[in-house]
Amino acid sequence: MLSRIAESLFWIGRYLERSDGTARILDVHLQLLLEDPWIDEDTACRALMSVMGSVPADDVHLTPADLIALLGVDRSHPASIAHAVASARENARRAREIVSTELWEALNETNARMPRRVATDKTHEFFRWVRDRTALALGVVDSASSRDEAWQFFSLGRAIERADMTARLLATRELTEASGPSWTTLLRSCGGYESYLRSYRGLPSTQSAAEFLLLDRLFPRSVIASVIRAEESLREIDPRAGRVGVTDQAQRLLGQIRSELEYRPITEIIDELSDEMEHVQAVVSGASEAIRRRYFPASAVPVWTGEVS
């Protein structure tokens with residue numbers, strides 16, 4: 001497969017998962033900001049933007065409306081939902097010869113219908129629309145794609161991004177601990193509340209809910225399940241890589257963070273949850289960079305050196 005095509009599929013998976021994850025995180029926290037008058041808006045908004053990898057200007061007082069504008073519909077902001085959707089569509093255009101018509105149409109329509117502004121009282125409807133459109137695009141790929149190398153690159157990008165977004169979601173738990181989102185709210189935001197109840201048969205506690213979102217191998221949005229899915233995709237892409245141990249840097253990084261999470265007591269992870277989730281994000285970023293270096297090398301720019309006499 002051409003590296004150009006593989007890279008586009010990888011990033012389509014990442015951008016679709018990023019738009020979905022960003023919508024889920026913003027939906028939870030903006031709802032809290034609107035409902036709790038005692039939360040300091042500026043502090044909470046800055047903390048949330050920091051978790052999402054964005055640094056706001058110091059001399060600007062941030063409000064929920066600013067968050068919606070910047071992280072929701074600002075097409076020029078690299079951390080926004082609109083930017084992720086537009087980037088997924090652009091990567092689909094680059095790989096048009098291999099992207100299905102259904103996926104192309106779904107991305108085109110979502111990008112075209114992305115609003116320029118969202119009223120504060122319409123945020124929940126907007127985020128639900130983003131989740132629905134993302135689910136449609138992902139469903140098109142899952143239901144009508146051969147499980148070949150193209151699908152593995154798409155799945156790899158999606159798994160890498162999902163691990164990162166779930167880590168960010170868990171990191172937001174400590175933004176405003178006293179009035180922050182409950183574990184029930186976090187579980188509902190990622191669609192895992194019913195699955196959690198079937199597994200633990202009781203109301204969420206800090207230890208059990210964090211354990212579920214971090215370590216449950218059967219819940220596809222957990223950090224560990226996403227890391228395992230990424231490892232499986234890498235092995236399918238290069239089945240020879242594991243014959244003499246792990247030599248691929250991306251697999252090595254993912255295997256190390258999986259082992260760290262699996263073999264450490266959950267109480268130790270919870271005690272330093274924010275730092276641990278930053279570590280997960282750093283490892284995932286390092287794995288993504290290793291994948292880029294190996295499979296998507298930058299094209300060499302031809303340089304004219306003149307004739308040899």
Side-chain angles (χ1 to χ4, degrees), residues 1-21 84-112 130-166 190-191 195 217-243 246-251 253-255 258 284 287-297 299:
M1 174 178 289
L2 294 174
S3 63
R4 169 181 62 84
I5 300 296
E7 184 175 20
S8 292
L9 292 168
F10 176 81
W11 280 105
I12 291 171
R14 287 205 66 170
Y15 281 125
L16 284 174
E17 193 65 39
R18 184 175 301 178
S19 62
D20 178 84
V85 170
S87 298
R89 188 256 182 201
E90 176 62 20
N91 277 279
R93 185 188 64 79
R94 293 173 182 172
R96 188 65 188 90
E97 62 265 39
I98 200 171
V99 168
S100 69
T101 301
E102 290 83 358
L103 177 59
W104 173 245
E105 290 176 349
L107 294 175
N108 252 338
E109 183 178 351
T110 305
N111 185 60
V130 171
R131 295 198 304 269
D132 289 346
R133 295 301 303 180
T134 303
L136 172 63
L138 293 172
V140 165
V141 177
D142 282 341
S143 64
S145 295
S146 299
R147 275 18 181 192
D148 55 8
E149 195 174 41
W151 185 83
Q152 294 296 347
F153 274 109
F154 175 87
S155 182
L156 174 60
R158 184 182 176 188
I160 287 284
E161 189 67 30
R162 177 170 283 184
D164 180 85
M165 296 308 295
T166 302
C190 61
S195 296
R217 287 171 171 263
L218 300 183
F219 181 58
R221 288 190 179 276
S222 74
V223 173
I224 208 75
S226 301
V227 169
I228 290 172
R229 175 64 259 182
E231 289 182 287
E232 291 172 350
S233 292
L234 285 169
R235 285 194 292 270
E236 289 294 327
I237 291 169
D238 187 3
R240 299 170 299 173
R243 290 187 60 180
V246 177
T247 57
D248 180 73
Q249 179 63 9
Q251 286 192 52
L253 290 170
L254 293 171
R258 174 174 51 79
V284 168
S288 180
E289 178 61 21
I291 292 167
R292 185 196 65 79
R293 288 196 303 268
R294 178 170 184 181
Y295 295 106
F296 320 133
S299 300

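Heads up: numbering here begins at 1 and tracks the sequence.
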Practice prompt. Go through the structure and list residues passing ring-ring contact (aromatic ring centres under 6.0 Å, His included) with F10, not counting sequence neighbours.
Written response: F296
What's the separation between atom [atom1] in [X] and atom [atom2] in [Y], rounded to the nearest 0.5 Å?
{"X": "R294", "Y": "D238", "atom1": "CZ", "atom2": "CG", "result": "4.5 Å"}
{"X": "R158", "Y": "M165", "atom1": "CZ", "atom2": "CE", "result": "13.5 Å"}
{"X": "D248", "Y": "E231", "atom1": "CG", "atom2": "CD", "result": "10.5 Å"}
{"X": "I228", "Y": "I224", "atom1": "CD1", "atom2": "CD1", "result": "5.5 Å"}
{"X": "Q251", "Y": "I291", "atom1": "CD", "atom2": "CD1", "result": "9.0 Å"}
{"X": "E90", "Y": "N111", "atom1": "CD", "atom2": "CG", "result": "9.5 Å"}

For the student: nearest non-hydrogen atoms of [X] and [Y], plus distance:
{"X": "Y15", "Y": "A84", "result": "CB-O, 3.4 Å"}
{"X": "V223", "Y": "A163", "result": "CG2-O, 4.2 Å"}
{"X": "A106", "Y": "T110", "result": "O-OG1, 2.8 Å"}
{"X": "A92", "Y": "V99", "result": "O-CG2, 4.0 Å"}
{"X": "S19", "Y": "V85", "result": "CB-CG2, 4.1 Å"}
{"X": "L107", "Y": "A88", "result": "CD1-O, 3.8 Å"}

Discussion item. Run the side-chain hydrogen bond (donor to acceptor under 3.5 Å, both in side chains) test against S233 and tell me which residues pass, sequence neighbours left out.
Written reply: Q152, R229
Only counting residues at least two apart or in another chain, list the ones meeting side-chain contact (heavy atoms from CB on, under 4.5 Å) with [X].
{"X": "L2", "answer": "R4, I5"}
{"X": "N108", "answer": "R89, W104"}
{"X": "S3", "answer": "P297"}
{"X": "S8", "answer": "N91, R94, A95"}

Fill in: Heavy-atom donor-acceptor pair, R133 side chain to R131 backbone, under 3.5 Å
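Here the side-chain-to-backbone pair does not exist.
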Worksheet entry | S155 (side chain) donor-acceptor with W151 (main chain) under 3.5 angstrom | no
Discussion item. Run S226 and R162 through side chain to side chain donor-acceptor pair (under 3.5 Å) and show every step you take.
Written reply: CA-CA 6 Å; S226 301; R162 177 170 283 184; 4.9 Å; no
[X] versus [Y]: any side-chain heavy-atom pair under 4.5 Å?
{"X": "E105", "Y": "V140", "result": "no"}
{"X": "E232", "Y": "E236", "result": "no"}
{"X": "I12", "Y": "E17", "result": "no"}
{"X": "L254", "Y": "I160", "result": "yes"}
{"X": "I237", "Y": "L156", "result": "yes"}
{"X": "F154", "Y": "S145", "result": "no"}
{"X": "R221", "Y": "D20", "result": "yes"}

Practice prompt. List the steps and the verdict of side chain to side chain donor-acceptor pair (under 3.5 Å) for S288 and R14.
Written response: CA-CA 10 Å; S288 180; R14 287 205 66 170; 2.7 Å; yes
